[in-house]
Amino acid sequence: MRAVIVVGASLAGLYAARELRAQGFDGRLVVIGAEPHAPYDRPPLSKGFLTGTADEDRLALADEEETAELAAEWLLGTRVRALDARGRTVVLDDGRTVTGDGVVIATGAAARRLPGPPLAGVHTVRTLDDARALRADLTRGPQRVVVIGGGFIGAETASSCAALGHDVTVVEAARLPLAAQLGPEMASVCAGLHAGGGVALLTGVGVAGLRGVGRSVTAVELTDGRLLPADVVVVGIGAIPNTQWLAGSPLAVDDGVLCDDGCVTTLPQVVAVGDVARVGGARAEHWTSASEQPRAAVRNLLAGHTVESAHSLPYFWSDQYGSRIQFAGHRTSGDTVRVVEGSSADPGGGPTAGARGGGLLAVYERAGRTTAALAVDCARPFMKVRRGLAADRAAELAGV
């Protein structure tokens with residue numbers, strides 16, 4: 001290959017560019033990003049960046065020296081409009097085209113928004129500009145904050161807002177937040193962190209709409225008729241993969257770009273990685289997936305066919321109310337849960353849990369085998385279990 005285009009200056013896009021150079025590609029490398037910013041780390045946006053403990057310069061994923069070594073052409077602040085039928089030419093919004101021998105799709109996902117006209121004070125937390133706008137509102141004195149959605153982004157944002165001294169309420173339509181990921185027993189444990197952090201959690205109720213005076217939000221209307229006064233509303237109800245620009249292309253799209261186990265699409269010269277990629281039937285919106293998939297994807301792209309699988313052990317973490325939640329493995333609804341360290345009655349040990357014996361470690365089991373693990377402030381024991389799960393996963397893929 002003489003030229004490769006990376007569409008998306010994201011974590012996954014940067015890692016793809018790194019892998020291209022590391023695996024010997026020395027041709028033309030073009031990285032196209034819709035945002036005007038160089039690749040940055042998103043997890044701190046809902047945590048340290050909001051609370052002011054992480055400045056923008058600490059979000060950068062690459063320094064000037066590495067950027068120069070990549071020898072890439074960066075087209076930032078540039079949106080893509082289409083991919084041609086051969087999968088080799090990217091059409092930009094301004095009509096320009098970029099042609100290559102291979103394409104890496106790393107366009108990520110966009111935050112879901114509530115229907116209705118935009119109101120001042122209503123935010124999502126997906127991009128740096130999103131976080132900048134929310135942080136500006138949170139610095140205007142004490143605010144009544146309503147967070148819609150009790151998933152990881154919602155919980156982390158609620159935690160940050162509470163740490164800043166705001167009055168925070170989280171609204172979750174499901175009976176328990178994170179039940180789909182953790183199962184009801186452990187989801188209940190993590191839900192308890194909200195109360196410990198001084199945040200009200202309303203579950204089993206949806207949002208009917210937003211109320212406003214003029215162009216500013218004033219309240220959140222719930223489906224049971226209640227009104228929650230709000231100066232600031234944060235919408236954390238999931239994300240939609242950025243695939244609109246692929247309409248009319250030969251690529252298969254269904255909740256992401258459909259790929260085989262090696263991130264290869266229906267066109268061998270096009271691979272997809274990160275939040276936009278549905279690899280082997282699953283799409284994972286996690287930092288580890290975005291950083292690990294590019295190695296296999298680039299190898300397969302340069303080989304011209306799938307020679308390596310991108311299936312690694314799922315892992316994610318979340319920082320909430322001074323506690324770190326970690327999860328690894330594959331949980332299914334039939335798994336049983338066993339607490340092997342600590343207590344589910346009081347899991348949050350905080351930063352010093354290891355020293356005073358706090359925290360929680362639970363394992364999920366099926367047919368006598370450990371399938372997944374959850375830890376709250378129990379990092380060292382968790383890492384041991386995670387290593388075992390990763391070894392089992394590697395043996396499974398090797399057919400041992």
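The aromatic rings of Y364 and F327 lie perpendicular to each other, with more than 60° between the two planes, well past the 30° mark. The aromatic rings of F382 and Y315 sit tilted, their planes meeting at an angle between 30° and 60°.
Across all non-hydrogen atoms, the minimal contact from W245 to N242 is NE1-O, 3.3 Å. The nearest pair of heavy atoms linking A158 to V168 is CB-CG1, 3.9 Å. Minimum heavy-atom separation, A12 to G274: CB-CA, 3.9 Å. Of all non-hydrogen atoms in P184 and R175, the two that sit nearest each other are CB-NH2, 3.9 Å. Closest approach of V279 to D261, counting heavy atoms only: CG1-O, 3.7 Å. Nearest heavy atom pair, residue C378 against residue E341, reads SG-OE2, 3.7 Å.
Taking CG from L61 and CZ from R42, the interatomic distance works out to 9.5 Å, rounded to the nearest 0.5 Å. Note that CG of L258 and OG1 of T265 are 9.5 Å apart. Values are rounded to the nearest 0.5 Å. Interatomic distance, R112 CZ to I148 CD1, rounded to the nearest 0.5 Å: 14.5 Å. Rounding to the nearest 0.5 Å places CD1 of I5 at 10.5 Å from CZ of R88. Atom OG1 in T306 sits 3.5 Å away from atom CG in D260 (nearest 0.5 Å). One finds the CG atom of L361 at 10.0 Å from the CD atom of Q326 (value rounded to the nearest 0.5 Å).
Using a 4.5 Å cut-off on side-chain heavy atoms (C-beta onward), H311 and R393 make contact. Residues T107 and V6 are not in side-chain contact: their nearest non-hydrogen atoms beyond the backbone lie 4.5 Å or more apart. Side-chain contact check for W74 versus T67: some heavy-atom pair is nearer than 4.5 Å. Side-chain contact between V91 and V80: absent, with no pair of heavy atoms (C-beta onward) separated by less than 4.5 Å. Between V337 and V363 there is no side-chain heavy-atom pair separated by less than 4.5 Å. Side-chain contact between L313 and R386 is present, with at least one heavy-atom pair separated by less than 4.5 Å. Contact annotation: the side chain of C190 approaches that of L182 to within less than 4.5 Å [non-hydrogen atoms, C-beta and beyond]. L20 is listed as a side-chain neighbour of L302, based on a closest heavy-atom distance under 4.5 Å.
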For L222 and V207, run side chain to side chain contact (heavy atoms under 4.5 Å, CB included): C-alpha distance rounded to whole Å, both residues' side-chain angles, the deciding distance at 0.1 Å, then the answer. CA-CA 4 Å; L222 304 183; V207 172; 4.3 Å; yes
The test is side chain to side chain donor-acceptor pair (under 3.5 Å); show your working for T89 and T97 and say whether it passes. CA-CA 7 Å; T89 298; T97 60; over 6 Å; no
Given the rule in the side chain to side chain contact (heavy atoms under 4.5 Å, CB included) test, do R79 and L92 qualify, once you have shown the distances and angles that lead to the verdict? CA-CA 6 Å; R79 294 189 176 274; L92 307 182; over 6 Å; no
Decide yes or no on salt bridge (Lys or Arg N to Asp or Glu O under 4.0 Å) for R338 and E365, but give the supporting numbers first. CA-CA 8 Å; R338 180 168 58 92; E365 297 171 323; 2.7 Å; yes
Would L119 and S216 count as a side chain to side chain contact (heavy atoms under 4.5 Å, CB included) here? Give the steps. CA-CA 5 Å; L119 292 171; S216 297; over 6 Å; no
Let me see the working for R278 and D255 under salt bridge (Lys or Arg N to Asp or Glu O under 4.0 Å), right down to the final yes or no. CA-CA 7 Å; R278 190 171 172 187; D255 185 36; 5.2 Å; no
Full working for side chain to side chain donor-acceptor pair (under 3.5 Å) between Q293 and Y15: CA-CA 9 Å; Q293 289 173 352; Y15 271 65; over 6 Å; no
Chi angles and distances behind the side chain to side chain donor-acceptor pair (under 3.5 Å) call for H305, N300: CA-CA 5 Å; H305 62 283; N300 296 333; over 6 Å; no
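In this structure, E221 pairs ionically with R211, as a charged nitrogen and a carboxylate oxygen lie closer than 4.0 Å. Here R21 does not pair with E19 in a salt bridge; the nearest charged N to carboxylate O distance is not below 4.0 Å. Ion pairing of D275 with R126 is present here, as a side-chain N (NZ or NE/NH1/NH2) and a carboxylate O approach within less than 4.0 Å. In this structure, D231 pairs ionically with R144, as a charged nitrogen and a carboxylate oxygen lie closer than 4.0 Å. Electrostatic pairing of D377 and R324 does not count as a salt bridge here, judged by no charged N lying under 4.0 Å from a carboxylate O. Ion pair D55/R58 not flagged as a salt bridge, since none of the NZ, NE, NH1 or NH2 atoms sits closer than 4.0 Å to an Asp/Glu carboxylate oxygen. A salt bridge links R295 with E308: at least one charged nitrogen is closer than 4.0 Å to a carboxylate oxygen.
At least one donor-acceptor pair closer than 3.5 Å links the side chain of H166 to the backbone N or O of Q143. Proximity of a side-chain donor or acceptor of D41 to a complementary backbone N or O of L59 within less than 3.5 Å is not detected. T139 places a side-chain N or O within donor-acceptor distance of the main-chain N or O of A136, the cut-off being under 3.5 Å. Proximity of a side-chain donor or acceptor of D129 to a complementary backbone N or O of R132 within less than 3.5 Å is not detected. Under the 3.5 Å distance criterion, the side-chain polar atoms of Y321 are left unmatched by any main-chain donor or acceptor of H194. Formation of a donor-acceptor pair under 3.5 Å by the D137 side chain with backbone atoms of L134 is not found in this model. Here the side chain of S10 pairs a donor or acceptor atom with the backbone of A106 at under 3.5 angstrom. Remark: the backbone N or O of L251 is paired with a side-chain donor or acceptor of S249 at under 3.5 angstrom. Proximity of a side-chain donor or acceptor of Q320 to a complementary backbone N or O of G197 within less than 3.5 Å is not detected. Between the side chain of S160 and the backbone N or O of E156, at least one donor-acceptor pair lies under 3.5 Å.
L164 and V232 fall within a single hydrophobic cluster, where Ile, Leu, Val, Met, Phe, Trp and Tyr side chains are chained together by heavy-atom contacts under 4.5 Å. Connection of I153 to L45 is established within a shared hydrophobic cluster, with ILVMFWY side chains joined at heavy-atom distances below 4.5 Å, either directly or through further cluster members. The same ILVMFWY cluster, assembled from side-chain heavy atoms under 4.5 Å apart, contains both L50 and V170. Under the 4.5 Å side-chain heavy-atom criterion for Ile, Leu, Val, Met, Phe, Trp and Tyr, L83 and L301 are members of distinct hydrophobic clusters. Grouping the Ile, Leu, Val, Met, Phe, Trp and Tyr side chains by contacts below 4.5 angstrom, directly or via other members, places L70 apart from V103.
Looking only at atom types and distance, the side chain of E56 has no donor-acceptor partner in the side chain of Y40 under 3.5 Å away. Donor-acceptor pairing under 3.5 Å is lacking for the side chains of E172 and T203.
Within 6.0 Å of atom CZ in R366, more than 12 heavy atoms from other residues, nucleotides or ligands are found, so the atom counts as buried in its surroundings. Annotation: R81, atom CZ; neighbour count of heavy atoms from other residues, nucleotides and ligands within 6.0 Å is above 12.
F49 carries R135 over the face of its six-membered ring, with the cationic atom under 6.0 Å from the centre and within 45° of the normal.
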